[in-house]
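Read the structure below first, then the notes.
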Amino acid sequence: MGMTIEQLAKRIGATVHGDGGGVVDRCTGLEQAGSSDVSFLANRKYNKLLASSGAGAVIVSPTDVQQAPDRTLLVADDPYFAFRQAVVVLHGFREHPVPISGSGCEAVIDPTAVIGKDCTVYPMSYIAAGAKIGDRCVIYPFCFVGPDAVVGDDCVLFANVTVYDRCELGNRVMLHAGCVIGQDGFGYATHEGEHCKIPQVGNAVVEDDVEMGACCVVDRATVGSTRIGHGTKFSDLVAIGHGANIGPYNLLVAQVGIGGSSETGRYVVVGGQVGVAGHLKIGDMAKIAAKAGVADDLPGGGEYGGQPAQPFNQTKRGFVAMTKLPEMVQEFRKLQKRVAELEKQLESVAAVRSGE
Amino acid sequence: MGMTIEQLAKRIGATVHGDGGGVVDRCTGLEQAGSSDVSFLANRKYNKLLASSGAGAVIVSPTDVQQAPDRTLLVADDPYFAFRQAVVVLHGFREHPVPISGSGCEAVIDPTAVIGKDCTVYPMSYIAAGAKIGDRCVIYPFCFVGPDAVVGDDCVLFANVTVYDRCELGNRVMLHAGCVIGQDGFGYATHEGEHCKIPQVGNAVVEDDVEMGACCVVDRATVGSTRIGHGTKFSDLVAIGHGANIGPYNLLVAQVGIGGSSETGRYVVVGGQVGVAGHLKIGDMAKIAAKAGVADDLPGGGEYGGQPAQPFNQTKRGFVAMTKLPEMVQEFRKLQKRVAELEKQLESVAAVRSGE
Amino acid sequence: MGMTIEQLAKRIGATVHGDGGGVVDRCTGLEQAGSSDVSFLANRKYNKLLASSGAGAVIVSPTDVQQAPDRTLLVADDPYFAFRQAVVVLHGFREHPVPISGSGCEAVIDPTAVIGKDCTVYPMSYIAAGAKIGDRCVIYPFCFVGPDAVVGDDCVLFANVTVYDRCELGNRVMLHAGCVIGQDGFGYATHEGEHCKIPQVGNAVVEDDVEMGACCVVDRATVGSTRIGHGTKFSDLVAIGHGANIGPYNLLVAQVGIGGSSETGRYVVVGGQVGVAGHLKIGDMAKIAAKAGVADDLPGGGEYGGQPAQPFNQTKRGFVAMTKLPEMVQEFRKLQKRVAELEKQLESVAAVRSGE
């Protein structure tokens with residue numbers, strides 16, 4: 001897979017600054033990189049590593065060239081994307097291994113299930129009655145695809161994934177190990193002291209090009225569908241409540257929880273461990289900082305943070321004010337005394353005057 | 001499953017307002033509903049959808065009839081419970097499919113395990129030595145029921161559920177995919193720099209009528225039992241520490257964590273992403289708002305929120321005060337100047353006087 | 001397993017206070033304990049239970065002997081560790097049951113995989129091509145060990161554990177049910193509106209003596225390795241981002257999330273539901289209180305809490321100040337009025353004077 005820096009530059013849409021003749025065959029971090037490695041600088045935090053890195057070439061933005069004019073650099077307007085391209089070129093995507101055959105424990109597939117062409121279904125997965133799997137899917141061991149569930153083309157279900165009955169995955173959906181799609185939503189009507197289960201008769205729909213990290217869980221809707229919009233990506237341990245509607249191209253960081261019936265627009269970014277209550281609307285392009293607790297609708301375009309979540313500037317001002325608070329409490333007590341003293345003095349001034 | 005609105009009304013304990021002759025066969029949301037659908041209004045937030053909904057009938061409370069006097073309404077004192085009944089009548093609960101047979105990968109069941117009558121044990125589950133499964137249980141693929149574990153009657157274990165050795169489930173327990181009952185608690189005694197594992201020799205007990213969402217995990221106790229009380233319901237990704245004692249009829253929303261040895265009373269409601277530290281007691285009927293961090297015992301009956309959790313009114317007042325804080329800091333600085341100015345002026349007044 | 005209190009004392013390095021002749025055979029809590037049980041007092045909170053407990057012997061620290069001079073006590077400098085020793089002596093560690101044989105559903109093991117000696121590989125696990133398993137490992141059903149993954153000696157993988165391709169576990173690693181090691185990290189370069197996946201070509205390395213609770217997930221690195229240091233212990237549902245480097249002997253409580261590329265030192269303790277943003281450094285011995293949100297590097301040795309995390313004393317002062325805040329806002333308004341009043345009065349004094 002080795003190639004010259006010059007060759008790589010062409011493949012990733014970068015221009016070479018310095019000598020493009022060196023051969024590189026691997027992408028890695030600035031600190032670990034050696035002469036046959038390509039690294040990148042996309043986070044200012046690592047600027048100081050640029051000079052000392054042993055990397056054969058470093059991908060930088062045009063404005064960062066001046067920081068290491070003597071190095072071989074690959075200059076790209078979007079260095080992070082260029083690095084991504086370099087990883088694709090030099091390493092490629094994971095190749096799924098050929099399943100072990102002849103074990104006598106092949107996948108258990110209902111005769112009424114339909115499996116598309118060129119699928120790789122590992123031993124010890126279970127495809128229930130009426131399920132439909134598209135073409136070129138990869139289904140690892142211990143996956144359960146429930147009755148009448150639909151999986152599109154080119155999907156990957158890693159080990160131990162569960163897709164409940166009647167749920168639907170679009171094309172190119174990738175679910176990492178332990179994901180669960182379509183478990184019953186948290187719906188109970190409390191009656192005479194019992195929490196009576198409301199049958200969850202809806203389903204969950206995961207649209208095209210969604211990827212989820214490990215152990216993400218998406219409730220099925222009570223009625224209708226819980227929906228994850230196309231191109232949306234989840235990190236790990238994300239929980240989506242029943243009837244929620246996550247828009248397209250969202251990014252949900254690890255351990256986010258979205259309450260039932262809530263909706264997000266397009267390109268919403270939700271930081272780690274954020275919680276969004278139920279029945280809310282988050283507008284397009286909203287960005288919610290890690291750990292925020294969203295208790296009201298949030299207009300699109302803004303940045304939000306805090307508990308309850310507010311516009312981020314406000315949250316920040318609040319935090320700053322709060323760090324000053326203990327001191328201010330003390331100063332306030334002093335000021336109260338000074339005012340009391342003034343009042344006393346002024347009274348005595350007035351008393352003297354009236355005594356005049 | 002279709003029936004007239006009149007017929008449905010009888011089944012769900014509602015009275016018809018308007019024409020009860022239409023036929024309905026499905027429950028759905030106000031926005032999606034058509035003329036053969038039943039919908040409901042239980043959240044004020046959706047009041048405005050009532051007039052425009054295409055639903056054949058809408059379940060409402062008596063006080064909401066006036067909002068749409070021209071519609072066909074199903075009037076019930078508890079519209080949410082009536083809707084639940086309608087879902088049960090028109091849709092029913094999930095029917096578990098007949099397992100695929102003849103795959104050669106049947107469930108692996110130890111000869112010393114006891115399986116009750118009329119159970120559905122799917123291929124590729126594992127029932128270890130000494131385990132006891134009650135009658136009419138459904139055990140999906142990739143479930144592990146450990147040595148000497150006990151599962152009561154009418155339980156459902158969805159795919160990829162793990163029940164550790166000696167743990168016990170009551171009757172009618174439903175565990176969604178990925179749940180883990182009885183893993184070792186987080187117990188280490190740090191000694192000469194090593195975190196020495198304390199054997200977790202207790203177990204976990206899940207009482208009757210408990211339901212857990214996907215990927216909930218319940219530690220086994222160090223000694224004795226971790227206990228989840230009857231009728232309690234968890235949403236997804238809930239974590240219960242070793243030796244905790246969750247009372248009956250609790251509702252724990254997604255991503256809640258309860259620390260080891262903590263106890264909750266009856267009918268406690270715990271909002272999403274709440275954390276409760278270890279060794280605490282939460283009283284009966286306490287309600288804890290989403291994201292709260294509970295660091296002390298909480299008396300029963302109250303509503304709590306915030307980090308650390310306090311009575312909710314206090315938390316709210318604190319939040320309101322905090323939003324005003326940045327402004328107040330500025331005003332405070334001004335006030336300090338004004339007081340300093342007053343002091344100066346008063347001094348000069350006094351000086352003039354003493355100079356008289 | 002029964003033995004006299006005297007015998008037990010020798011085994012656990014304690015001295016007997018009172019009559020060491022009684023026979024004990026079980027460890028349990030103070031409240032549940034009977035005459036053949038050993039209990040312990042390590043948390044002041046339970047002091048009052050000491051007198052009333054029915055335990056045959058109670059392990060206490062030297063300073064606590066005076067609290068129950070009439071009881072049979074086992075006195076140890078570190079009562080918690082002594083209790084741990086007692087649990088080991090009287091109960092021992094879990095014995096893994098002999099796998100069910102003859103089911104026809106044996107483990108599926110690639111011919112190129114290497115399994116060490118004396119391993120227990122349960123039916124229905126999957127060991128992919130090139131994987132290496134050390135000696136004396138126990139691999140429960142429904143575990144997936146990916147291509148070229150390495151598992152050291154004496155490891156235990158409970159049910160439904162997934163280890164991705166090329167990931168490495170050291171010796172004596174214990175992964176509870178549902179853990180996932182090495183799923184793809186959350187890496188996308190957004191380009192022309194698409195979140196383009198960056199192939200995650202690194203791996204995840206879990207060093208010796210690490211234990212993880214149920215459903216913990218560790219991302220593989222984009223390049224290089226995500227690393228969990230030796231002797232570190234996780235509770236349940238912990239999420240580790242790609243490229244993170246968790247130091248040795250850390251303790252991470254349930255539902256902690258550590259962002260990508262962040263590093264922790266040695267003996268760091270991270271409370272439940274803490275979130276640490278990406279690209280941060282946490283120093284040796286730092287302690288982070290439950291629910292904190294870490295947004296900046298934290299020096300070693302300190303205790304931190306709050307959102308964003310600050311030195312714990314500051315956080316506490318902030319909380320105290322905040323509880324006083326609503327009241328202070330009111331007092332502040334009053335003070336403003338008093339100052340305005342003073343200004344008016346002083347003006348009139350001055351006016352009178354100038355009128356003199």
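Chain identifiers are assigned alphabetically (A, B, ...) following the order of the sequence lines, protein sequences preceding nucleic acid strands; residue numbering begins at 1 within each chain.
For chain A, the option among B:Asp209, B:Thr232, B:Leu251, B:Val98 with the highest count of heavy-atom pairs below 4.5 Å is B:Leu251. Interface check for chain A: of the options B:Leu342, B:Leu325, B:Leu335, the most heavy-atom pairs under 4.5 Å are formed by B:Leu325. Counting heavy-atom pairs under 4.5 Å between each of A:Lys291, A:His242, A:Lys324, A:Glu341 and chain B puts A:Lys291 at the top. Here A:Asp165 is the residue among A:Val339, A:Asp165, A:Val161 with the most heavy-atom pairs under 4.5 Å with chain B. If you tally non-hydrogen atom pairs under 4.5 Å between each of A:Gly185, A:Ser125, A:Gly187 and chain B, the highest count goes to A:Ser125. The greatest number of non-hydrogen atom pairs below 4.5 Å with chain A, out of B:Gly272, B:Pro97, B:Ala177, B:Ser103, is found for B:Ala177. Contact count versus chain B (heavy atoms, under 4.5 Å) is highest, among A:Gly178, A:Ala277, A:Pro308, A:Ala128, for A:Pro308. Most heavy-atom pairs under 4.5 Å with chain B, from the set A:Gly259, A:Gly318, A:Gly193: that is A:Gly193. Of the listed residues (B:Phe234, B:Tyr80, B:Tyr122), the greatest number of heavy-atom pairs within a distance under 4.5 Å of chain A belongs to B:Tyr80. Options A:Gly224, A:Ala221, A:Cys196 differ in how many heavy-atom pairs under 4.5 Å they form with chain B, and the most are formed by A:Cys196.
If you measure heavy-atom distances from A:Ala129 to chain B, you find no contacts under 4.5 Å at all. Of the atoms belonging to B:Arg338, not a single heavy atom falls under 4.5 Å from chain A. With a 4.5 angstrom heavy-atom cutoff, B:Gln273 touches chain A only via side-chain atoms. In this structure, chain B has a heavy atom under 4.5 Å from the backbone of A:Val256, while its side chain stays farther away. Looking at A:Lys197, the atoms closer than 4.5 Å to chain B (heavy atoms on both sides) sit in the backbone and in the side chain alike. B:Ala290 does not touch chain A: none of its heavy atoms, backbone or side chain, sits under 4.5 Å away. Neither the backbone nor the side chain of A:Pro141 comes within contact range of chain B, judged by heavy atoms closer than 4.5 Å. Contact annotation for B:Leu175: neither backbone nor side-chain heavy atoms come within less than 4.5 Å of a heavy atom of chain A. Contacts between B:Pro248 and chain A at a heavy-atom distance below 4.5 Å are absent for every atom of the residue. For A:Arg166, no part lies near chain B; criterion is any non-hydrogen pair under 4.5 Å. The part of A:Val238 that comes within reach of chain B is its backbone (N, CA, C, O), which places non-hydrogen atoms under 4.5 angstrom from that chain. Heavy atoms closer than 4.5 Å to chain B are found in the backbone of A:Val274, but not in its side chain. Using a 4.5 Å cut-off between heavy atoms, B:Phe319 contacts chain A through its side chain alone, with no backbone atom that close. Heavy-atom distances place the side chain of B:Tyr140, and not its backbone, under 4.5 Å from chain A. Interface remark: B:Phe142 contributes side-chain atoms only to the contact with chain A (heavy atom separation under 4.5 Å). For B:Ala82, no part lies under 4.5 angstrom from a heavy atom of chain A. Of the two parts of B:Asp37, neither the backbone nor the side chain holds a non-hydrogen atom closer than 4.5 Å to a non-hydrogen atom of chain A.
Of all the heavy atoms in B:Val87 and A:Pro199, the pair that sits closest is CG1-O, 3.5 Å. The nearest pair of heavy atoms linking A:Glu194 to B:Tyr267 is N-OH, 4.5 Å. When every heavy atom of A:Gln310 is checked against every heavy atom of B:Thr323, the shortest pair comes out as NE2-CG2, 3.1 Å. Between A:Gln183 and B:Ala214, the shortest heavy-atom distance links the atoms CD-CB, 3.6 Å. The two residues A:Arg317 and B:Pro326 have their closest heavy-atom pair at NH2-CB, 3.3 Å.
The CD atom of A:Gln307 sits 11.5 Å away from atom OG1 of B:Thr315, with the distance rounded to the nearest 0.5 Å. Remark: B:Phe93 CZ to A:Ile198 CD1 distance equals 9.5 Å, nearest 0.5 Å. The distance from the CE atom of A:Met328 to the CZ atom of B:Phe332 is 5.5 Å, given to the nearest 0.5 Å. Taken from CE in B:Met124 to SG in A:Cys105, the straight-line distance is 8.5 Å, to the nearest 0.5 Å. Note: B:Asn160 CG to A:Cys179 SG = 11.5 Å, rounded to the nearest 0.5 Å. Considering OG1 of A:Thr190 and CG of B:Asp78, their distance stands at 8.5 Å, rounded to 0.5 Å.
Within the 4.5 Å cutoff, no side-chain heavy atoms of B:His176 are placed close to those of A:Thr162. Counting only heavy atoms from C-beta outward, the side chains of B:Leu237 and A:Gln255 never approach each other to under 4.5 Å. B:Cys27 has its side chain out of reach of A:Val201: every pair of non-hydrogen atoms, C-beta onward, lies at least 4.5 Å apart. The side-chain heavy atoms of A:Val180 and B:Cys215, taken from C-beta on, include a pair separated by under 4.5 Å. Annotation: side chain of B:Asp236 is not in contact with side chain of A:Phe186 (no heavy-atom distance under 4.5 Å). The shortest distance between side-chain heavy atoms of B:Arg94 and A:Gln200 does not fall below 4.5 Å.
The closest donor-acceptor contact from the side chain of A:His195 to the backbone of B:Tyr249 lies under 3.5 Å. A donor-acceptor pair under 3.5 Å is formed between the side chain of A:Tyr126 and the backbone N or O of B:Ile100.
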> What do the steps show when you test B:Gln336 against A:Lys334 for side-chain contact (heavy atoms from CB on, under 4.5 Å), and what is the final call?
Replying inline: CA-CA 10 Å; B:Gln336 280 182 313; A:Lys334 277 187 209 156; over 6 Å; no
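Within a 6.0 Å sphere centred on CD of A:Glu347, heavy atoms belonging to other residues, nucleotides or ligands number 12 at most. Open room surrounds NZ on B:Lys287; 12 or fewer heavy atoms of other groups in view lie less than 6.0 Å from it.
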